[in-house]
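Numbering starts at 1 and runs along the sequence shown. Atoms considered below: every heavy atom in the structure, side chains included; atoms not considered: hydrogens, waters and symmetry mates.
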Amino acid sequence: MYEESILELEEIEGDDRWHPSVVEARYKTYRDAKEWELAMTMARVMAEGMPDKLEWLLNYADAMTECGDTAGALQLLKDASERFGEDGKYLLAVGRQYSLLCEIEEAKKYVKRAIKADSSLKAEFLEDSAFDSVWDSF
């Protein structure tokens, strides 16, 4: 299914090839196939094209992490603090990167702020194994 989907998307030519809906479809196809470098490229295109959309910043950071660049993903998120600084999902994503980097105290700070901003994120925190060491430290 992946090969059929991507072949169809790759056949799109001209300006339509970079239409946001096509790039989003390519991102999702690559992500689902765990083709993280290709997914990262599509997420970067969307994040740069829509700098006020938190979803694409988070997708870009997640893909960077999956490609082994957790420190780069953290820096990407920190560079966007002026745009998304108090958004709960943003704060949780920053905390997640700190947790993956084993910077537990920093992770805890961000997790607390995230849950304070949006209490529904507590479930996401508890379910994400990236936060296991943070959870254990409370």
(request) For atom CH2 of W135, decide whether the heavy atoms of other residues, nucleotides or ligands shown that lie under 6.0 angstrom number more than 12. (result) no
(message) Working to the nearest 0.5 angstrom, can you tell me the gap between L57 CG and Y90 OH?
(response) 7.5 Å
(request) Identify the residue among T70, D128, T65 that makes a side chain to side chain donor-acceptor pair (under 3.5 Å) with R96. (result) D128
(message) For P51, is there any backbone N or O sitting under 3.5 Å from a side-chain donor or acceptor partner on R83?
(response) yes
(request) Specify whether Y27 and W56 have parallel, tilted or perpendicular ring planes, treating 30° as the upper limit for parallel and 60° as the lower limit for perpendicular. (result) perpendicular
(message) Return the CD1 to CG distance between I115 and L91, rounded to the nearest 0.5 Å.
(response) 10.5 Å
(request) Looking only at non-hydrogen atoms, find the nearest pair between M64 and G72 and report the distance. (result) CE-C, 3.4 Å
(request) Drop me the distance from M46's CE to K53's NZ, to the nearest 0.5 angstrom. (result) 9.5 Å
(message) So that I can tick it off, tell me whether E48 and R44 are bridged by a salt bridge, with the cut-off set at under 4.0 angstrom between side-chain N and carboxylate O.
(response) yes
(request) Mind checking the OH-CG spacing from Y98 to L77? Nearest 0.5 Å is all I need. (result) 10.0 Å
(message) With rounding to the nearest 0.5 angstrom, report the OG1 to OH distance, T41 to Y30.
(response) 8.5 Å
(request) Determine the minimum heavy-atom distance between A114 and G88, stating which atoms define it. (result) CB-O, 3.4 Å
(message) How close do K89 and L121 get, counting heavy atoms only, and between which atoms?
(response) N-CD1, 3.6 Å
(request) Could you tell me the separation between the OG atom of S99 and the CG atom of L74, rounded to the nearest 0.5 Å? (result) 11.5 Å
(request) State, to 0.1 Å, how close A73 and A61 come at their nearest heavy-atom pair, and which atoms those are. (result) CB-O, 3.4 Å
(message) One thing to verify: whether R113 and E86 come together as a salt bridge, which I'm taking to mean a side-chain N less than 4.0 angstrom from a carboxylate O.
(response) yes
